[in-house]
Amino acid sequence: MNILKDERLANYCSYRIGGAAAHLALPKKTDDLIELITWAKAHSTAFEIIGLGTNLLIADEGYNGLIISLRDFEKFCVRKGGSLIAGGGVALSELVNFACSEGLSGAEKLAGIPGSIGGALKMNAGAFGVEIKDILLRANTLSCISLQEKTFTVDELALSYRQAASLNGRVVLAAEFSFTEGDKREIRRKTDEILTLRAQKHPLEYPSCGSVFKRTETAPAAKLIEACALKGKRAGGAEISQKHANFIVNRGGAKARDVLELIQEAKSEVFKKFGVLLEEEVKFLGL
Ligand SMILES: Cc1cc2nc3c(=O)[nH]c(=O)nc-3n(C[C@H](O)[C@H](O)[C@H](O)COP(=O)(O)OP(=O)(O)OC[C@H]3O[C@@H](n4cnc5c(N)ncnc54)[C@H](O)[C@@H]3O)c2cc1C
C-alpha cells in the first residue's frame, strides 16, 4: 500500500480545516486495510479511520500518526431482492440515489446527508425522524485489534441517537439495507422535497461539519444558541451561521481553534441561560 507523507487533512474533510497527517493512506479493499493497520502496529504508530470527513473537526497541527481515509474504499452498491448492499466507503447519497433508480423506498429522508456508509453507521446518521438504523439489516466489520471480520445484525449493533458504541475499534466494511418496493416517480419526488428543505434550512454555501451539537432533551440546540443571540458571532474565519445556529461555518481561512472558541462560547452561554450542557456531535481528530 502506498503511504503518503505530510498530506493536508483539510483536503479530506468537509470543514476544509486541519493540518497535515504524518502518514495517510487510501485503502481500496479489506486486504489493504489489514496491511495498513498491521503497518501502524509494527511501527507503534497511532492510527485513525476516517470516512468522507463530514463530521470531523481536525486540529490545526494535524495528526502525528496514520490516517486511514476510506474515501476510495469498497465502492460497490448492489441489489439483492428487496435489499441493497453497499461498501463502507460508498457515499450515503449514492445509496439513496440507487434506491430511487431501483424504485426502492425507505431512504428518502436520508437524502442530502453527506458522508459514507461507514460514517453513517458509526454516527447513526439521521434526519426528519429517520435514522440509518431504521433501514439497516446487518453490517460486516473488521476488528482493528484481532483483524478478524464479524457480521452484526442491526439489533446486535444497538445503535442509538448519533451513537454506535458497538462499533468502537471496528471498521464497517459493508452493510445491507432493507427497502420496500414503491413508485419510482413518487420516491424521486419525496427525495427531491427533502433536498429542497435541507437547502432552505442549512448554510450549504459554506464548508461545515453539519450540526455541531446533539439535540438536547429540552429543545433543538439551534433554538437554544439562537436564544443566546449568538447567530452571526465570529472568531477568526469561523461563524455561528446566521441561517442555522447549530452550524458553525468556515467563512474562509477558519482554523480549528476558531471553531473551538465558538463551541466553547455557545456551550457557556447556553449553560448560563438555560442550565443545559450542550454535547458535541462533531468528532474531534487530533484535538
Ligand atoms: C452540510 C452537512 C449536513 C449534515 N447533515 C447531517 C444530518 O442531517 N444528519 C446527520 O446525522 N449528520 C449530518 N451531517 C454529519 C455527517 O454527514 C454524518 O455524521 C456522516 O454520517 C459522517 O460520515 P463520514 O463518512 O463523513 O464520517 P467521518 O466524518 O469521516 O467520521 C465520523 C466518525 O465515523 C467513523 N467512521 C467513518 N467511517 C467509518 C467506517 N467505515 N467504520 C467505522 N467507523 C467509521 C470515524 O472514525 C469517525 O468517528 C452533516 C454534515 C454536513 C457537512
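Counting starts at 1 for both ligands and their atoms, in listed order.
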- Side chains of E149 and N140: do they bring a donor and an acceptor to under 3.5 Å? yes
- of all protein heavy atoms, closest to atom 8 (O) of ligand 1 is R198 NH1, 2.9 Å
- Query: With a cut-off of 4.0 Å, which atoms of ligand 1 are near a heavy atom of L70?
  - Reply: 40 (C), 41 (N)
- Item | Contact check: G53 vs ligand 1, nitrogen or oxygen atoms, below 3.5 angstrom | yes
- Task: Begin with the C-alpha distance, continue with both residues' side-chain angles, and end with the deciding distance and a verdict on side-chain contact (heavy atoms from CB on, under 4.5 Å) for S83 and L137.
- Result: CA-CA 9 Å; S83 67; L137 284 174; 4.1 Å; yes
- Message: I want to know if ligand 1 touches I113 in the polar sense, i.e. an N/O pair below 3.5 angstrom.
- Response: no
- Note on the structure: In terms of its nearest heavy atom to atom 22 (C) of ligand 1, the top option of L92, L33, T54 is T54
- Message: Pairs of nitrogen or oxygen atoms closer than 3.5 Å, one from P114 and one from ligand 1: do any exist?
- Response: yes
- Query: Polar-atom distance check: K283 versus ligand 1, any N or O pair below 3.5 Å?
  - Reply: no
- Task: Please state whether the rings of F247 and H202 are parallel, tilted or perpendicular, taking 30° and 60° as the class boundaries.
- Result: tilted
- Task: Please state whether E131 comes within less than 4.0 angstrom of ligand 1, counting heavy atoms only.
- Result: no
- Message: Heavy-atom contact check, 4.0 Å cutoff: does I49 meet ligand 1?
- Response: yes
- Item | Contact check: V172 vs ligand 1, nitrogen or oxygen atoms, below 3.5 angstrom | yes
- Query: For N55 and ligand 1, does the shortest N/O to N/O distance drop below 3.5 Å?
  - Reply: yes
- Message: Taking distance alone, with N or O pairs closer than 3.5 Å, would you say M123 contacts ligand 1?
- Response: no
- Output yes when the distance from some N or O of ligand 1 to some N or O of S208 is under 3.5 Å, and no in every other case. no
- Salt bridge present between R234 and E239 (N-O < 4.0 angstrom): yes
- Close N or O approach (S116, ligand 1; < 3.5 Å): yes
- Query: In terms of side-chain geometry, is the basic nitrogen of E181 or R79 positioned less than 4.0 Å from the acidic oxygen of its partner?
  - Reply: yes
- Nearest-neighbour protein heavy atom for atom 38 (N) of ligand 1, which is reported as residue plus atom name and distance: G119 N, 3.4 Å
- What atoms of ligand 1 come closer than 4.0 angstrom to any heavy atom of L204? 1 (C)
- With sequence neighbours excluded, give me every side chain to side chain donor-acceptor pair (under 3.5 Å) pair touching residues 259-270. K267-E280, E269-K272
- Message: Students should be able to answer this: which protein heavy-atom is nearest to atom 34 (O) of ligand 1, and at what distance?
- Response: K122 CG, 3.3 Å
- Query: Do NZ/NE/NH1/NH2 and the carboxylate oxygens of R189 and D192 come within less than 4.0 Å?
  - Reply: no
- Is R215 close enough and on-axis enough to Y161, meaning under 6.0 Å and within 45°, for cation-pi? yes
- Query: Does R162 come within less than 4.0 Å of ligand 1, judged by its heavy atoms?
  - Reply: yes
- Purely on distance, is any nitrogen or oxygen of S14 under 3.5 Å from one on ligand 1? no
- Query: Going by atom types alone, do K255 and N250 pair a side-chain donor with an acceptor below 3.5 Å?
  - Reply: no
